[in-house]
Number of protein chains: 6
Amino acid sequence: METIAVYPGSFDPVTNGHIDLIQRSSARFDKVVVAILRNASKTPLFSVEERREMLTAATRGFENVAIDDFSGLLVDFAEQVGASVIIRGIRAISDYEYELQMALMNRRLSSRVETVFMLPAESYSFLSSKLIKEIACHGGAIGGLVPEDVERRLKDKFTR
Amino acid sequence: METIAVYPGSFDPVTNGHIDLIQRSSARFDKVVVAILRNASKTPLFSVEERREMLTAATRGFENVAIDDFSGLLVDFAEQVGASVIIRGIRAISDYEYELQMALMNRRLSSRVETVFMLPAESYSFLSSKLIKEIACHGGAIGGLVPEDVERRLKDKFTR
Amino acid sequence: METIAVYPGSFDPVTNGHIDLIQRSSARFDKVVVAILRNASKTPLFSVEERREMLTAATRGFENVAIDDFSGLLVDFAEQVGASVIIRGIRAISDYEYELQMALMNRRLSSRVETVFMLPAESYSFLSSKLIKEIACHGGAIGGLVPEDVERRLKDKFTR
Amino acid sequence: METIAVYPGSFDPVTNGHIDLIQRSSARFDKVVVAILRNASKTPLFSVEERREMLTAATRGFENVAIDDFSGLLVDFAEQVGASVIIRGIRAISDYEYELQMALMNRRLSSRVETVFMLPAESYSFLSSKLIKEIACHGGAIGGLVPEDVERRLKDKFTR
Amino acid sequence: METIAVYPGSFDPVTNGHIDLIQRSSARFDKVVVAILRNASKTPLFSVEERREMLTAATRGFENVAIDDFSGLLVDFAEQVGASVIIRGIRAISDYEYELQMALMNRRLSSRVETVFMLPAESYSFLSSKLIKEIACHGGAIGGLVPEDVERRLKDKFTR
Amino acid sequence: METIAVYPGSFDPVTNGHIDLIQRSSARFDKVVVAILRNASKTPLFSVEERREMLTAATRGFENVAIDDFSGLLVDFAEQVGASVIIRGIRAISDYEYELQMALMNRRLSSRVETVFMLPAESYSFLSSKLIKEIACHGGAIGGLVPEDVERRLKDKFTR
């Protein structure tokens, strides 16, 4: 049995919490496709191309991890890459509520793809891309919370 | 990569919610070991032997599912059978809270085993072995909520 | 249309939070049946007879409220008294979780009875029969939290 | 006693989850007024007039259900139509939190109107107008989740 | 030991729930600094200057309470005024989730400042500045929910 | 202003999560009284005397921390030692719900004592005395989760 998993998200930018989940997933599924959501309605800090570069650099060590991007319905993308698993990290209850709703809807849209929830390391339980951007914007210390390459790029964005 | 998953529980008795999760897991992991917890401190309705029989009957159709039982720490059992995944179903927030606590503790006890959460079909979201026993005890209708064999055994227990 | 509502509980003893809900319900449904659960497995502080007396005294002012007691399945009792509504108070999230599970199960057991949730006044949001007994047991002040008759009976129980 | 209930919402568009709640309410209250919120600050997909038409079509079978729309405070509208009950559906905890806050505030604004919570069928527990629009926008299948008339109108909106 | 506490917020406008927390804090910490967040990205109803005036008027009776405003990271402001405590009110679970995330992040940003949570009086548990503005905007009664000075200013804003 | 805080609990046994909270509190309040609840109805693993010894050893470094024990109402004990603050740690939502209920009731029982919530370090967020006993009972590794003295005593208890 070959099980392919999709790990979708905005990754604007990728944090160490994301990397932690990618590592845990890559050790348990045959292939993990990290899928960047191209969302026309939001104005991201980093372009899809930049996010791809940061994810590629940060997952260099994992052989069975690929980076891709998608728009439209997640289940359509999952079926297209042959995935039967969607991976979602849960940190907090409010996460979980929304995730539950999406997982049930996605199951209805495609019975071939199943959502599976995993926990990031508790030292990253408070991390989110949004919070990272807020702190970086005010010059706060984000070392250890994002890959070094991401830290550098964030400083560049906010000191220009 | 061969990924073995453990699905632990009391299964006193197994419900269609459990079967639903076993089915979803067996399609995504190479092997699923359903592990009955022998808990000396609780007085179950069904013996470990009876619970084994009901689970064996109910999972006959799944080739990569095995039934086992354990006492002691779950992570010790998981390592013993070579599992790198623990499967837990989450229905409600209160479930999730306790499950989160256990998952973080288990991760600390063994970094080789990872807890993964899955959702039962929403038509089973209100199901629990405890509730089933309560209803069966008062002669309520439980058809469609447990395997037929379990329904028969529950009637036997409560009409004696 | 005549709508009969059942308000089930242990009422061991009735609190002002319960009375508050009974009042709100009696103004909106044609008849409200307060139903004391006879639960053989628990050892209550007050007998079913005592609980009936306290509820009768406390609801004297409401003409369309009746006091009854039941064992077995709640939906069976509801159908027996012709009720199409079960009333439940919700104070906290943990309440709500359990209540949701019960409501979905009861709906499955009988489609003729619907659970409806109402909020007690926020000044009673922290009240529970269990907490009242704990405080009364240690001689704490419970005036204003239970009817006067109940306050007197609690003092009697704990000073003997 | 004649009890009139108001069921407020955006209904942009009405889903089968809404219809399910309207049906349950109409069997328990003498009259149910479905009240479309005219919200100047949001840009809806469907106009108030279109939402009215869809609701009218979908509730044709219920004799004691009327469709109306309002702006301003909900309790003012409720008092105006003589309602003593506000009906709200709760699917998830996060719903419930906000609903609780609103119910307590509304009670303070008018003691004559009481909020009552009901559960949609669990097969609709993941449904929301927002999610429906997202899926329809990407061409996903929404049959069985909204009335057929609504499905047709959604397709029209997104294929133009 | 002299312990200084910071109580941060938007206070747009201050409500009686905020005042309640300020009172409880001022009786337990040596000094309480109420800190208005200057947030460039949001368009407040009241200017920072107006919010300062309302807070100053409402806290006149508390000798150890000072009003200030800040932008940037909260922990930087806290360290600047010598505070070792951040006070946050929690009303609902959803509050708590976000607050928890912020508290853990703030602790990481500065180990010298600790977040401490307190409960407003339950009669204010449903209050928020946002809700107050919504009600005032529609001419609803807000007496008893905000200081009289704030009530007057809200009427001014919305009747112009 | 001298502020005395009470930190109540069973401490059966004390964990590093408790110690973490004691340390944070002792740096912010003038005096912290750690108060062991003598609860006749529960059968603890360690006697009150043993729990006192473990707490005394573990808090040796904190000059303004005292160990005491109590039965009856917590607010009565708090008033007796002159405390105006009750400290409670919150790890999870379910904790918080119960804690909220207790805090509101305690406030009603005594307006002079205020409950204040603090977060343990996130590396202890999954810790509880109950879980520690379960793991120790099965021979699992608890180093780093409890003080060394407690680890030794737990081993003694379970290997006899």
Side-chain angles (χ1 to χ4, degrees), chain A residues 1-7 20-32 62-65 78 82-126, chain B residues 1-7 20-32 62-65 78 82-126:
Chain A
M1 186 185 311
E2 201 207 28
T3 303
I4 298 175
V6 165
Y7 179 39
D20 181 72
L21 266 196
I22 292 171
Q23 181 170 12
R24 294 174 196 279
S25 308
S26 76
R28 273 142 195 109
F29 296 103
D30 297 289
K31 192 178 169 188
V32 176
F62 311 120
E63 289 199 359
N64 59 341
V65 173
S84 62
V85 168
I86 292 168
I87 291 166
R88 297 295 293 159
I90 31 173
R91 290 158 309 180
I93 297 291
S94 43
D95 276 4
Y96 162 72
E97 288 267 295
Y98 173 76
E99 293 296 339
L100 188 96
Q101 196 188 18
M102 288 308 300
L104 290 175
M105 182 53 101
N106 281 335
R107 183 185 281 169
R108 195 188 156 99
L109 291 170
S110 164
S111 61
R112 283 185 295 279
V113 190
E114 190 68 34
T115 305
V116 144
F117 299 100
M118 294 174 78
L119 295 173
E122 70 258 36
S123 52
Y124 301 133
S125 64
F126 55 86
Chain B
M1 186 187 309
E2 201 207 27
T3 304
I4 299 175
V6 165
Y7 180 39
D20 180 73
L21 266 196
I22 292 170
Q23 181 170 11
R24 292 175 197 278
S25 309
S26 77
R28 273 143 196 107
F29 296 103
D30 297 289
K31 193 178 169 187
V32 176
F62 310 120
E63 287 199 0
N64 61 340
V65 173
S84 62
V85 168
I86 293 169
I87 291 166
R88 298 294 294 160
I90 30 173
R91 290 160 307 182
I93 297 291
S94 43
D95 277 4
Y96 161 72
E97 288 268 293
Y98 174 75
E99 293 295 339
L100 188 95
Q101 196 188 19
M102 288 307 300
L104 290 176
M105 183 53 103
N106 281 335
R107 183 185 283 170
R108 195 187 156 98
L109 290 170
S110 163
S111 62
R112 283 184 295 279
V113 190
E114 190 68 36
T115 306
V116 144
F117 298 99
M118 295 174 78
L119 296 173
E122 70 257 36
S123 51
Y124 301 133
S125 65
F126 54 87

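Numbers restart at 1 for each chain; the letters A, B, ... are given by sequence-line order, proteins then strands.
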### Message
Before we go on, tell me: are the rings of A:F29 and A:Y7 under 6.0 Å apart, centre to centre?
### Response
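No.
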
What part of [X] gets closer than 4.5 Å to chain B, counting heavy atoms only: side chain, backbone, both or neither?
| X | answer |
| --- | --- |
| A:R28 | both |
| A:A5 | neither |
| A:S25 | neither |

### Query
Run the side chain to side chain contact (heavy atoms under 4.5 Å, CB included) check on B:R88 and B:T115 step by step: do they pass?
CA-CA 7 Å; B:R88 298 294 294 160; B:T115 306; 3.8 Å; yes

### Query
Does B:D30 reach the side chain of B:N64, with side-chain heavy atoms less than 4.5 Å apart?
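Heavy-atom side-chain distance check fails, nothing below 4.5 Å.
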
### Query
Do B:I4 and B:V85 come close enough that some side-chain heavy atom pair is under 4.5 Å?
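Side chain of B:I4 against side chain of B:V85, heavy atoms only: no contact under 4.5 Å found.
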
### Gap between atom CE of B:M118 and atom CD1 of B:I90 - 0.5 Å precision
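Between B:I90 CD1 and B:M118 CE, I get 10.5 Å after rounding to 0.5 Å.
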
Select one option (side chain, backbone, both, neither) describing which atoms of [X] are under 4.5 Å from chain A's heavy atoms.
| X | value |
| --- | --- |
| B:R107 | side chain |
| B:S84 | both |
| B:R108 | neither |

